[in-house]
Amino acid sequence: MYLHAGCQIAVSPDTKCFAVDWLGVEVTRATLGIIGMGSIGYKVAQRARAFNMRILYHNRNRRRKEEEEAVGAHYCAKMEDLLQQSDFVMLVVNLTPETHKLIGKKELGLMKPTATLVNISRGAVIDQDALVEALQNKVIRAAALDVTYPEPLPRDHPLLNLNNVIITPHIGTATVQASRMMAEEAIANILAVLNGQPIPSEVFPK
């Protein structure tokens, strides 16, 4: 939130000085709750550890003890426990019937009023109407969304007019290097199928 708004202040022709009491919140030593500790969620945890964050996670299956210890992550069997304790909640799950609108009014109400919700998975994992209401009523502090439903949002969608949400156009993997790696992975999988070999990135392994 502050990066986007701060950039606007810095370049505005109306800016005469910078306010000294315009303050954000620390990431360092904050509690990060990761919902979905697959390969991407685990990489998020590795990076968060560099900021000395307290890391909680909720996942269908618990990670091995040595994997938890490697990033200092603590398992929450109940998602509710993670929501109540986290300063930042990050969604890193696949979109399935079970995760559709995983975060709704009830879940948002469990979060701290100072918490930020971050979604890098799929837009439909969040009930967007409930999120709008939560942001308008300061049920949570803010949201950062790389994904929405639909994409892009209709230009009159209320999420686009809130000052406590930042939305990016699904650019989490939008780098030259990542695009090349994804293309190479797709080719490797196609060749494996054509050659009757095991599929390296099979979504639902037998």
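Not measured: the values here are computed from a predicted model.
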Which atom pairs, donor and acceptor, lie under 3.5 Å between side-chain atoms of residues 69-84 and protein residues at least two apart or in another chain?
unit_1	atom_1	unit_2	atom_2	d
Tyr75	OH	Asn59	O	3.4

Shared hydrophobic cluster for Val132 and Val165 (ILVMFWY, side-chain gaps under 4.5 Å) | yes
Would you check if the side chain of Thr15 reaches a backbone N or O of Ile9 as a donor-acceptor pair within less than 3.5 Å?
-> yes
Single-linkage hydrophobic cluster, 4.5 Å side-chain cutoff, Leu91 and Leu56 together = yes
Residue pair Phe88 / Met53: nearest heavy atoms and the distance that separates them | CD1-CE, 4.0 Å
Name every donor-acceptor pair, under 3.5 Å, that has one atom in a side chain of residues 26-45 and the other anywhere in the protein, sequence neighbours excluded.
unit_1	atom_1	unit_2	atom_2	d
Tyr42	OH	Glu67	O	2.7

Here the gap from Asp146 atom CG to Ile167 atom CD1, rounded to the nearest 0.5 Å, amounts to 10.5 Å
Hey, what do you get for CG (Asn164) to CZ (Arg141), rounding to the nearest 0.5 Å?
-> 9.0 Å
Quick one: side chain to side chain donor-acceptor pair (under 3.5 Å) pairs with a partner in residues 151-162, sequence neighbours left out?
-> Glu151-His170
Just do the side-chain contact (heavy atoms from CB on, under 4.5 Å) check on Arg60 and Glu98 with the steps written out, would you?
-> CA-CA 11 Å; Arg60 284 177 301 179; Glu98 290 74 31; over 6 Å; no
Of all heavy-atom pairs linking Pro200 and Ala192, the shortest is CD-CB, 3.8 Å
Where do Leu117 and Met111 come nearest, in terms of heavy atoms and distance?
-> CB-CE, 4.1 Å
Partner set under side chain to side chain donor-acceptor pair (under 3.5 Å) for Ser86, not counting sequence neighbours = none
What's the spacing between Ile120 CD1 and Ile171 CD1 if we round to 0.5 Å?
-> 12.5 Å
Does Phe51 belong to the same Ile/Leu/Val/Met/Phe/Trp/Tyr cluster as Ile55, with side-chain heavy atoms less than 4.5 Å apart forming each link?
-> yes
Taking every non-hydrogen atom, the tightest pair across Ala143 and Leu131 = CB-CD1, 4.2 Å
First locate atom CG of Leu153, then atom OG1 of Thr148, and finally report the distance between them rounded to the nearest 0.5 Å.
-> 3.5 Å
Single-linkage hydrophobic cluster, 4.5 Å side-chain cutoff, Leu159 and Leu108 together = yes
With sequence neighbours left out, the residues meeting side chain to side chain donor-acceptor pair (under 3.5 Å) with Thr175 are none
Applied to residues 108-118, the salt bridge (charged side-chain N to carboxylate O under 4.0 Å, His left out) test, sequence neighbours excluded, yields Asp87-Lys112
Hey, is the main chain of Ala130 close enough, under 3.5 Å, to the side chain of Glu133 for a donor-acceptor pair?
-> no
Using modelled atom types only, decide if a donor and an acceptor are shared between the side chain of Thr99 and the backbone of Val125 within a distance under 3.5 Å.
-> no
Hey, is the main chain of Arg122 close enough, under 3.5 Å, to the side chain of Asn119 for a donor-acceptor pair?
-> yes
Say whether Trp22 and Phe18 are linked into one hydrophobic cluster, either directly or through other cluster members, by side-chain heavy-atom distances under 4.5 angstrom.
-> yes
Between the CD1 atom in Ile140 and the CD atom in Glu107, the distance rounded to the nearest 0.5 Å is 12.0 Å
